[in-house]
Amino acid sequence: MKKEQKRILVTGGAGFLGSHLCKRLLEESCEVLCLDNYFTGSKDNIVDLIGHPYFELIRHDITFPLYLEIDEIYNLACPASPIHYQHDPVQTLKTSVHGAINMLGLAKRVKAKIFQASTSEVYGDPAIHPQPESYWGNVNPIGIRSCYDEGKRCAETLFFDYHRQHRVNIRVGRLFNTYGPNMHPNDGRVVSNFIIQALQNKPITIYGDGEQTRSFCYVDDLIELMIRFMSAGDDFIGPMNMGNPGEFTIKELAERIITMSNSKSQLTFVDLPQDDPKQRKPEISLAQQKLDWTPKVKLEDGLVKTIEYFDNLLKNRAGQ
Ligand code: NAD
Ligand code: UDP
């Protein structure tokens, strides 16, 4: 290893965001240790990186401790889609809470800088709009989304307590809905669901009346912000919103995807899941001022790339 080369641990490295981050860090000439237990991630996402001299895979569950010599940690391990995180809620909580304790303990021991992938879900069903970092949220502590929302909130508390008590060098980013290639095709998130349904000319499943809103960030913009955040001075630790403030109703998203994929799909309206937030839009002036970051990829452009990805995936499957 070259002396100045950073060795970086990416937990959840075989997942959607982790796989893009691993690739980007290798391009930045870092040595990358990609850790995953493959609960929702897949080797398919990182197959192009296997064999790279500075890329290493570690099969491990972060709810158990581990020891490694590293300079930085990106803690991304955690199922992110409602279907996956509700599949085993206790394990989801353990991943957020025990996982954070283990990764923070590791960071403390080896004096590594550590980033936490927190979430807009810490704001729950927000009572103020758009959501600034100063908002404390409106979260149901006992609902079906709570294992994720409260787990991530507790992880933020742990990060700030390790920082105050043990001087661990932290960064906490609150990610808003992000989409792009390498999303899991069956994880039930809205962008992947709608694209797959549209490509197969099947009904587009709108939960509720489709008037709830989300703001969608293309993966490349988000990864750029993560890297900038970790590279910036140690006086800026967050929490910082990470997302694209362009806000759309779910019905608008469905209509766009139908048009863009030349689909014959019709909209179908089904029950809204419990505690589904009615609106979500990040206030991003902190990221703009501190890191000179603004999202560049328009929804249309990001959707083109994502539709192409899923189209190829479906064609490859059909050919098998
Ligand atoms: P993903 O499900 O594709 O990736 C998560 C990865 O973590 C998977 O590879 C999974 O196998 C792994 N994992 C899960 N539990 C683990 C454990 N106990 N030990 C080791 N590995 C484990 O999800 P993603 O969209 O890539 O999300 C990555 C991170 O970003 C998550 O922490 C998620 O909460 C956060 N986030 C994502 C979004 C988004 O829109 N994608 C929004 C907010 C927050
Ligand atoms: N949604 C939908 N149809 C689907 C999947 C999701 O209408 O097939 C809705 C869901 O109810 C929510 C929004 O789309 O209001 C975003 O859902 P997702 O699971 O992607 O993310 P989150 O709710 O965590 O923001």
Side-chain angles (χ1 to χ4, degrees), residues 10-22 34-43 45-46 58-64 66 74-86 88 91-100 102-103 115-122 125 145 148-149 151-152 155 173-180 182-184 187-197 203-219 222-223 226 241-243 248-251 253-254 267-280 282:
V10 178
T11 78
F16 161 45
L17 296 178
S19 58
H20 287 272
L21 178 63
C22 288
C34 168
L35 178 155
D36 211 291
N37 70 350
Y38 302 105
F39 173 49
T40 55
S42 161
K43 279 195 183 160
N45 288 338
I46 43 168
I58 304 168
R59 184 184 285 267
H60 181 79
D61 181 330
I62 61 159
T63 61
F64 298 97
L66 89 160
Y74 287 82
N75 188 35
L76 270 58
C78 185
S81 84
I83 290 183
H84 283 150
Y85 69 65
Q86 286 164 20
D88 186 346
Q91 173 65 11
T92 300
L93 271 162
K94 283 184 183 168
T95 296
S96 277
V97 178
H98 295 188
N102 290 328
M103 291 307 109
F115 169 85
Q116 167 66 358
S118 190
T119 169
S120 53
E121 290 286 317
V122 299
D125 190 4
R145 291 175 86 103
Y148 184 72
D149 302 7
K152 290 283 188 179
R174 292 180 178 157
L175 283 58
F176 283 63
N177 298 63
T178 305
Y179 69 100
N182 293 3
M183 290 184 89
H184 194 297
D187 73 4
R189 282 189 267 191
V190 69
V191 174
S192 45
N193 261 14
F194 285 2
I195 292 179
I196 289 173
Q197 289 162 349
I204 305 280
T205 52
I206 296 202
Y207 302 164
D209 59 8
E211 293 302 320
Q212 71 271 37
T213 67
R214 293 293 186 274
S215 303
F216 299 100
C217 185
Y218 188 65
V219 59
L222 187 100
I223 298 296
M226 259 188 212
N241 286 341
M242 303 177 71
F248 300 88
T249 68
I250 293 305
K251 196 158 159 249
L253 177 75
L267 304 185
T268 173
F269 293 84
V270 299
D271 288 344
L272 187 69
Q274 188 198 326
D275 293 337
D276 198 279
K278 281 181 273 311
Q279 53 184 2
R280 201 184 277 151

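Source: prediction; values computed, not measured. Residue indices begin at 1 and follow the sequence shown. Atoms within each ligand, like the ligands themselves, are counted from 1 in listed order.
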| note | If we number the atoms of ligand 2 from 1 as shown, the ones under 4.0 Å from a heavy atom of Gln212 are 9 (C), 11 (O), 15 (O)
| Option with minimal heavy-atom separation from atom 22 (P) of ligand 2, where the choices are Arg189, Lys278, Arg145, Lys251 | Arg145
| request: Just jot down the ligand 2 atoms closer than 4.0 angstrom to any heavy atom of Asn177, in number order. | output: 21 (O), 22 (P), 25 (O)
| message | With respect to Pro82, determine whether any N or O atom, backbone or side chain, lies less than 3.5 Å from an N or O atom of ligand 2. | response | no
| field | Region of Val190 engaging ligand 2 - heavy atom pairs below 4.0 Å | value | both
| Element-labelled atoms of ligand 2 that are located less than 4.0 Å from some non-hydrogen atom of Arg280 | 22 (P), 25 (O)
| said: Between Arg145 and Glu121, does any side-chain N to carboxylate O distance fall below 4.0 Å? | reply: yes
| So, the side chain of Thr213 versus the backbone of Arg280: is there a donor-acceptor pair under 3.5 Å, distance only? | yes
| task | Considering heavy atoms of the protein only, find what lies nearest to atom 10 (C) of ligand 2 and give residue, atom and distance to 0.1 Å. | result | Asp276 OD2, 3.4 Å
| said: Taking non-hydrogen atoms within less than 4.0 Å of ligand 1, which protein residues qualify? | reply: Gly12, Ala14, Gly15, Phe16, Leu17, Leu35, Asp36, Asn37, Tyr38, Phe39, Thr40, Gly41, His60, Asp61, Ile62, Leu76, Ala77, Cys78, Pro79, Ala80, Gln91, Thr95, Ala117, Ser118, Thr119, Tyr148, Lys152, Leu175, Phe176, Asn177, Thr178, Arg189
| said: What I want to know is whether Thr205 and ligand 2 share at least one N or O pair that is separated by under 3.5 angstrom. | reply: yes
| field | Numbered atoms and elements of ligand 2 in range of Asn193, under 4.0 angstrom, heavy atoms | value | 4 (C), 5 (C), 8 (O)
| query | At a 4.0 Å threshold, what atoms of ligand 2 neighbour a non-hydrogen atom of Gly188? | reply | 5 (C)
| note | Closest non-hydrogen atoms of Asp187 and Ser192, given as atom of the first, atom of the second and distance, are OD1-OG, 3.4 Å
| task | Identify, by atom number and element, the atoms of ligand 2 in contact range of Glu121, meaning under 4.0 Å from any of its heavy atoms. | result | 24 (O)
| If every non-hydrogen atom of Lys152 is compared with every non-hydrogen atom of Ala117, which pair is closest and at what distance? | NZ-O, 2.7 Å
| field | Nitrogen or oxygen atoms of Tyr207 and ligand 2 under 3.5 Å apart | value | yes
| query | Taking the inter-plane angle between the rings of Tyr148 and Tyr85 on a 0 to 90° scale, is it parallel (under 30°), tilted (30 to 60°) or perpendicular (over 60°)? | reply | parallel
| atom 13 (C) of ligand 2: nearest protein contact (heavy atom, Å) | Ile250 CD1, 3.7 Å
| task | May I have the step-by-step check of side-chain contact (heavy atoms from CB on, under 4.5 Å) for Leu35 and Leu66, ending in yes or no? | result | CA-CA 11 Å; Leu35 178 155; Leu66 89 160; 3.7 Å; yes
| remark: Taking only non-hydrogen atoms of Ile206 and a 4.0 Å limit, the atoms of ligand 2 in range are 7 (O)
| field | Enumerated ligand 2 atoms positioned under 4.0 Å from heavy atoms of Phe194 | value | 2 (C), 3 (N), 4 (C), 7 (O), 8 (O)
